[in-house]
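Throughout, protein chains are lettered first and strands after them, A, B, ... in sequence-line order, and every chain is numbered starting at 1.
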Amino acid sequence: MNSPTTRILLWGALPYAVLAALIIGTIWRYRYDKFGWTTRSSQLYESRLLRIASPLFHFGLLFVILGHIGGLLIPQSWTDAAGVSDHTYHLVALVSGTAAGVATLAGIALLIYRRRTTGPVFLATTRNDKLMYVFLGGAIGAGLTATLTNAATLDHNYRQTVSPWLRSLFYLHPDVDLMQKTPGVFQAHILIAFGLFALFPFSRLVHAFSAPAGYLFRPYIVYRSRDPKTLGARAPRRGWERVG
Amino acid sequence: MRVMAQIAMVMNLDKCIGCHTCSVTCKQAWTNRGGVEYAWFNNVETRPGQGYPRRYEDQERWGGGWTLNRRGKLTLRAGGRWRKLSQIFSNPKLPGISDYYEPWTYDYRNLTDAPLGDDIPVARPRSLISGKPMEITWSANWDDNLGGMPQHGEEDPIAAKVRAQVADKVVYEFEQAFMFYLPRICEHCLNPACVASCPSGAMYKRAEDGIVLVDQDQCRGWRMCVTGCPYKKVYFNHKTGKAEKCTMCYPRLEVGLPTVCSETCVGRLRYLGVMLYDADKVTAAASVPDDRDLYAAQMGVFLDPHDPEVAAEAERSGIPFDWIEAAKKSPVYDLIAKYQVALPLHPEYRTMPMVWYIPPLSPVVDALADTGHDGEDADNLFGAIETLRIPVEYLAELFTAGDTVPVDSVLRRLAAMRSYMRRINLGEEKDESIARTVGLSGDQMEAMYRLLAIAKYQDRYVIPTAAVADAQRLEEAATAGCSVDFDEMPGGSGPFGETSGRSTPVAVENFHALRERGASDRPADTAGLRGRVNLLNWDGNGRPDGLFPAQAEDD
């Protein structure tokens, strides 16, 4: 982890490779596999456990994502300027982060338990799903471990290392040395998350990208005209276009 | 006025013999695939009975359709936009597979592979959901012909409602004497709650013909449509993770053919035709405060195609000439509006359904004949309709939100028609007075009789094609030319399952298959079929490798 080459590869090159895989993969998947783009819900088979586990996991995850945005993208100088002391910040981050993390972990544990023990749900589980669960569970587990171990020792302020490093990626000037001071569990969390992001477009996780926010703004009843293309395989010849 | 056209259906329940041919042919055409084994786009249920899925009419539980909120505004019963999004991770009102039934197959292999022994081998049922051996305890029409009524009779939500109004004893008598079949497809509503429930906007009502469809490329499997539809006619394909529903056989309608269920109906009880309606009035009509006014409100939405003003307005709204002409000849319009003998199914769901039903008179006639009276005498019949209140109430709960007046009037018209036509049949004098008692003329009565009793194929199905101007393009002739838009060969299999990737228009598929067949001296191409020959394209040329399945090594 400490040789400069590894450091540059892991913290300077890999993130861009992952980002490229995520973006290009998503575009490719969307163009190529619209029919396969779904939640692949298994609620029809089993809903008793799902009713608890799925909202627990998903809402937990939404809060986790919000926490990551707050912790990683907002520089410490901003919160300092707003008069939030370091201690207050970490207390709030620890309590809410742990709560959200535990909910997410409990949710996914229950979901995986349900998937394994309910016959029809297990039958509908693909190899792709299992691989994804390894990364998803790993990322959540490592993240929660990092939060809790860091809380116990409080010797590492990730807002001085991980956060500036992540932001430096967006400036296209990655400051890989910052990651050298980061504890291994944080590094593991980030690397597993990279794996998850790279896997994202090629797994069922893509359904997250189609979160139906548009539902709030569209009229209830949707009308569509028949797609003129589906009338036949070809566009009409010039002069033969439909007029009526 | 904004005129829109809708392909609607009317079913004459008097003629339904409950043979399930419509269901079977529909299944063969649309749902004989994995993931929708349990789905019946068309099903026939016996009433009284629970229906399919079980007790789907219990909207207290399933939350389907629309309701009026405290301010009298139309809202989805299962909750509006925010409620829907907050429940997106686990839909609390989704029927489980057991509410439909667990689909199964049989262990046929055992019949040929069982070792020699004293016992005759049997094919045991095996679940198509879990793959395990199972006991068959329920299916889509388990309570067919009142089967298991002593056990399940209490679970018909409509019977329960009627029972609450009249004494128990009477109800049990009625249950023993009264039964009819109710074939159901998607209602292709004017105000579809499934479309309104879809968070992705994948469900839509086609502007040209009003058919409600699911865009399979946009559906993300949120399952809200299943809850939204009060008729439970949207199904979740558990293999593809997408919603599927009755398509009104749109590929057939587009070329002027009736739906598969209509085409194969043994009793010839289905009618298809165009209804013109005023789209601007739909929301107001669906929002009338009293449930019992919904039938009249929906009648008020329909437009008379014979009215020259309507025809002109329809033309301005972009409805093609042949559609307006078809609307004038529509048997559906005649049954719904002209003779007023068809009624909507459950108007109280406020979705403005467009598959209507002529309620059955036969049970009344039969009951009358059983008592030794002349079952087709007009006075006897009118009296019987009056006294046999319970069936009328039951029918009213199905078709008019409990208002017995319209049901009574329909049954009287049907009864009058029987009496009127019987006199003609027996060579007696025509009795105009019979027709007049139900507000029709003798000529109208005869026209109605012809439509109900002897209407031929082209009278029952008056379907304008998608576009006469596009007739040439509608032909799927492979000779129409080569497509350069689709460079991928059909039959391929993507990494996300066999149906992943882009779809290929049928005409392109034919084109490639035909070219392959015509231009090569080799047997048909086997690429993409895992070494098997596609027998549909096979030219009978030699014995290609993949003609028969490979024998397993260990056999």
Side-chain angles (χ1 to χ4, degrees), chain A residues 29 31-48 50-59 118-120 122-124 126 128 202 204 207 210-226 228-236 240 242-244, chain B residues 81-82 84-85 88-92 94 96-97 129-132 191-192 195-196 198-201 203-208 216-223 236 238-242 254 318 320-321 466-467 469-470 473-474 480-481 483 485-486 494 496-497 499-503 505 507-508:
Chain A
R29 174 91 187 263
R31 289 171 57 111
Y32 180 74
D33 185 33
K34 286 198 192 91
F35 184 61
W37 193 294
T38 154
T39 57
R40 300 229 345 261
S41 162
S42 56
Q43 193 182 348
L44 198 68
Y45 303 137
E46 201 279 344
S47 64
R48 204 173 46 86
L50 186 86
R51 193 171 299 163
I52 305 160
S54 178
L56 195 63
F57 167 73
H58 283 96
F59 283 118
T118 314
F122 189 55
L123 267 183
T126 62
N128 185 314
F202 312 103
R204 62 192 302 171
H207 73 267
S210 41
Y215 185 48
L216 296 174
F217 308 104
R218 73 160 164 88
Y220 267 133
I221 308 295
V222 180
Y223 291 95
R224 275 198 222 175
S225 281
R226 189 191 290 117
K229 267 195 238 155
T230 59
L231 271 182
R234 302 172 304 135
W240 290 92
R242 200 179 153 191
V243 285
Chain B
R81 302 167 199 272
W82 287 102
K84 283 248 148 45
L85 290 192
I88 205 158
F89 301 128
S90 165
N91 182 348
L94 187 77
I97 193 79
I129 299 287
S130 67
K132 301 238 162 56
N191 186 33
V195 172
C198 175
S200 313
M203 292 194 74
Y204 60 97
K205 193 168 175 64
R206 273 211 316 199
E208 291 88 351
Q216 292 289 308
D217 277 350
Q218 276 190 24
C219 174
R220 302 286 175 245
W222 302 121
R223 317 176 292 293
F236 184 69
H238 58 90
K239 288 248 161 71
T240 62
K242 307 250 168 173
E254 281 175 5
F321 176 74
D470 283 309
R473 287 208 297 140
L474 279 167
S483 163
D485 306 332
F486 296 87
F496 303 109
T499 46
S500 64
R502 268 180 233 142
S503 60
V508 176

Relative to chain A, which of [options] shows the most heavy atom pairs under 4.5 Å?
| options | value |
| --- | --- |
| A196(B), A207(B), G241(B) | A196(B) |
| G131(B), C219(B), G96(B), G201(B) | G201(B) |
| G221(B), P92(B), S90(B), P192(B) | S90(B) |
| K242(B), K84(B), Q216(B) | K242(B) |

Original post:
Does one side chain, of R220(B) or S200(B), offer a donor that lies under 3.5 Å from an acceptor on the other?
Top reply: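 Checked: R220(B)/S200(B) side chains show no N/O donor-acceptor pair below 3.5 Å.
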
**OP:** Answer with side chain, backbone, both or neither: which region of L216(A) has an atom nearer than 4.5 Å to a non-hydrogen atom of chain B?
**Re:**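 Its backbone and side chain both get close to chain B.
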
Original post:
In terms of heavy-atom proximity below 4.5 Å to chain A, should L85(B) be classed as side chain, backbone, both, or neither?
Top reply: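 Interface part for L85(B): side chain.
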
Original post:
Once the angle between the rings of H58(A) and F89(B) is folded into 0 to 90°, is it parallel (under 30°), tilted (30 to 60°) or perpendicular (over 60°)?
Top reply: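 Correct class here is parallel.
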
**OP:** May I ask you to decide if H207(A)'s main-chain N or O and R40(A)'s side chain share a donor-acceptor pair within less than 3.5 Å?
**Re:**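 Such a contact is absent between R40(A) side chain and H207(A) backbone.
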
Original post:
When you measure from the side chain of E46(A) to the backbone N and O of T118(A), does any donor-acceptor pair fall under 3.5 Å?
Top reply: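 Side chain of E46(A) to backbone of T118(A): no pair is present.
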
Original post:
Any cation-pi pair here, R81(B) with Y220(A), using under 6.0 Å and within 45°?
Top reply: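 Yes, R81(B) sits over the ring of Y220(A).
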
